[in-house]
Amino acid sequence: MKNMMIRLLAAAAALVLALCVPAFGLCEETEEITTIVTIVPAPDQTQAERPPCFPDPTENYIPLPETENFAEGKKVISGAHTDVYVNSNVNDGKTDTYWESKGFPAEMVIDLGQTHAVSTVAVCLNPASIWEPRIQEIAVWVSADGESYTEVAAAEKYQFDPATGNRIRIDFDTVDAAFVKVIFTLNSSSRTGGAQAAEICVY
């Protein structure tokens, strides 16, 4: 009786094994899968590039003159600034740094180093959308000696908008100037009650 039970259990085990092995594919030959590798050469480039299928947001930016920016890197003079937002940020060539005055009116004087024929002043903020649209009231004065100034653009409210590069340009009749004074009297989006400028350019 005992031997019969052992034979029955062995037969059952063999049956289970016969049923399970094919199910798991252990007795089947595996088909070799061919791996296809496509090598795509990287384009020659020295900086990040925008794929042609994506629109260029700078196409809607307010254009700036293609001439020399006489203000970049020059000496600047202003009143008190807020926190770390110092006046030297306005002409360091970068829009991710900025100057913020402490109160109004706020004057920024740029010493051009020598006399230039100028006809445009541009004020730029960071073009990132986090810098929401705002209005700043701005006037421009010029001087030959840094003492006596003449107004070339009366105070006017200008709209800054990330969609157009968060920049404005103030054009006036060409005049010789060694010093340019930009006077801010309003900023609709200032949380600290001051003027803001990432770059002030003079052309």
Side-chain angles (χ1 to χ4, degrees), residues 58 61-128 131 133-162 164-203:
T58 64
Y61 282 14
I62 291 174
L64 300 179
E66 296 182 356
T67 53
E68 179 184 356
N69 171 16
F70 301 125
E72 187 169 346
K74 302 298 174 56
K75 179 182 177 181
V76 293
I77 305 166
S78 72
H81 62 269
T82 300
D83 200 9
V84 298
Y85 309 113
V86 297
N87 58 14
S88 59
N89 288 339
V90 300
N91 62 345
D92 60 2
K94 300 181 292 185
T95 56
D96 57 355
T97 63
Y98 68 98
W99 159 73
E100 183 166 338
S101 72
K102 187 174 289 185
F104 292 105
E107 296 185 358
M108 174 63 69
V109 176
I110 301 175
D111 181 349
L112 302 180
Q114 65 184 79
T115 300
H116 294 281
V118 301
S119 59
T120 298
V121 167
V123 179
C124 309
L125 296 176
N126 190 321
W131 281 72
R134 68 199 64 203
I135 293 173
Q136 296 198 80
E137 187 173 59
I138 305 169
V140 178
W141 295 63
V142 299
S143 172
D145 57 10
E147 297 293 335
S148 177
Y149 282 85
T150 301
E151 184 182 64
V152 292
E156 186 174 336
K157 293 181 174 66
Y158 294 92
Q159 175 72 55
F160 290 79
D161 192 328
T164 54
N166 248 347
R167 61 171 65 154
I168 61 99
R169 60 182 286 171
I170 303 170
D171 296 308
F172 44 86
D173 293 336
T174 302
V175 60
D176 289 337
F179 297 83
V180 174
K181 180 188 293 185
V182 183
I183 304 174
F184 296 78
T185 47
L186 177 146
N187 183 353
S188 66
S189 186
S190 174
R191 295 170 177 80
T192 57
Q196 296 169 313
E199 288 292 296
I200 297 179
C201 309
V202 178
Y203 302 95

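- No side-chain N or O of T95 forms a donor-acceptor pair with one of N126 less than 3.5 Å apart.
- For the atom pair CD (Q114) and NZ (K74), the distance works out to 6.5 Å, reported to the nearest 0.5 Å.
- Residue T174 comes nearest to S119 through the heavy atom pair OG1-CB, 3.6 Å, listed as atom of the first residue, atom of the second, then distance.
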Residue pair D173, V152: steps toward the side-chain contact (heavy atoms from CB on, under 4.5 Å) verdict: CA-CA 8 Å; D173 293 336; V152 292; over 6 Å; no
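- Aromatic ring orientation, F179 versus Y149: perpendicular (interplanar angle above 60°, classes split at 30° and 60°).
- Here the closest heavy-atom approach between residue G103 and residue A106 is recorded as O-CB, 3.8 Å.
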Per-pair distances, 0.1 Å, donor-acceptor, side chain in residues 194-203, under 3.5 Å, sequence neighbours excluded:
{"from": "Q196", "atom 1": "OE1", "to": "R134", "atom 2": "NH1", "distance (Å)": "2.7"}
{"from": "Q196", "atom 1": "OE1", "to": "N187", "atom 2": "ND2", "distance (Å)": "3.0"}
{"from": "Q196", "atom 1": "NE2", "to": "E100", "atom 2": "OE1", "distance (Å)": "3.2"}
{"from": "E199", "atom 1": "OE1", "to": "G93", "atom 2": "N", "distance (Å)": "3.1"}
{"from": "E199", "atom 1": "OE2", "to": "D92", "atom 2": "N", "distance (Å)": "3.3"}
{"from": "E199", "atom 1": "OE2", "to": "G93", "atom 2": "N", "distance (Å)": "3.2"}
{"from": "E199", "atom 1": "OE2", "to": "K94", "atom 2": "N", "distance (Å)": "3.3"}

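- In this structure, OG1 in T185 is found 7.5 Å from NZ in K157, a value given to the nearest 0.5 Å.
- F160 CZ to I168 CD1: the interatomic distance, rounded to the nearest 0.5 Å, is 4.5 Å.
- Residue D145 places its CG atom among more than 12 non-hydrogen atoms of other residues, nucleotides or ligands, all under 6.0 Å distant.
- Taking every heavy atom of both residues into account, V118 and F172 meet most closely at O-CE1, 3.6 Å.
- The CZ atom of F70 lies 10.5 Å from the OG1 atom of T120; values are rounded to the nearest 0.5 Å.
- Between the CD1 atom in I62 and the CZ atom in R167 there is a gap of 7.5 Å [rounded to 0.5 Å].
- Contact record, S78 with M108: CB-CE, 3.7 Å, taken as the closest heavy-atom pair.
- The two atoms that bring I138 and Y158 nearest to each other are O-CE1, 3.7 Å, heavy atoms only.
- By the 4.5 Å heavy-atom criterion applied to side chains, V180 and L112 are counted as neighbours.
- Contact of the I135 side chain with the L186 side chain is registered, since non-hydrogen atoms from C-beta on lie closer than 4.5 Å.
- Inter-residue side-chain proximity for Y61 and P127 is flagged as met; some heavy-atom pair is nearer than 4.5 Å.
- T82 contributes atom OG1, which lies 9.5 Å from atom CH2 of W99 (distance to the nearest 0.5 angstrom).
- Taking the six-membered ring for Trp and thresholds of 30 and 60 degrees, Y98 and Y85 have nearly parallel ring planes, at less than 30 degrees apart.
- In this structure a side-chain-to-backbone donor-acceptor pair under 3.5 Å is present from N91 to A71.
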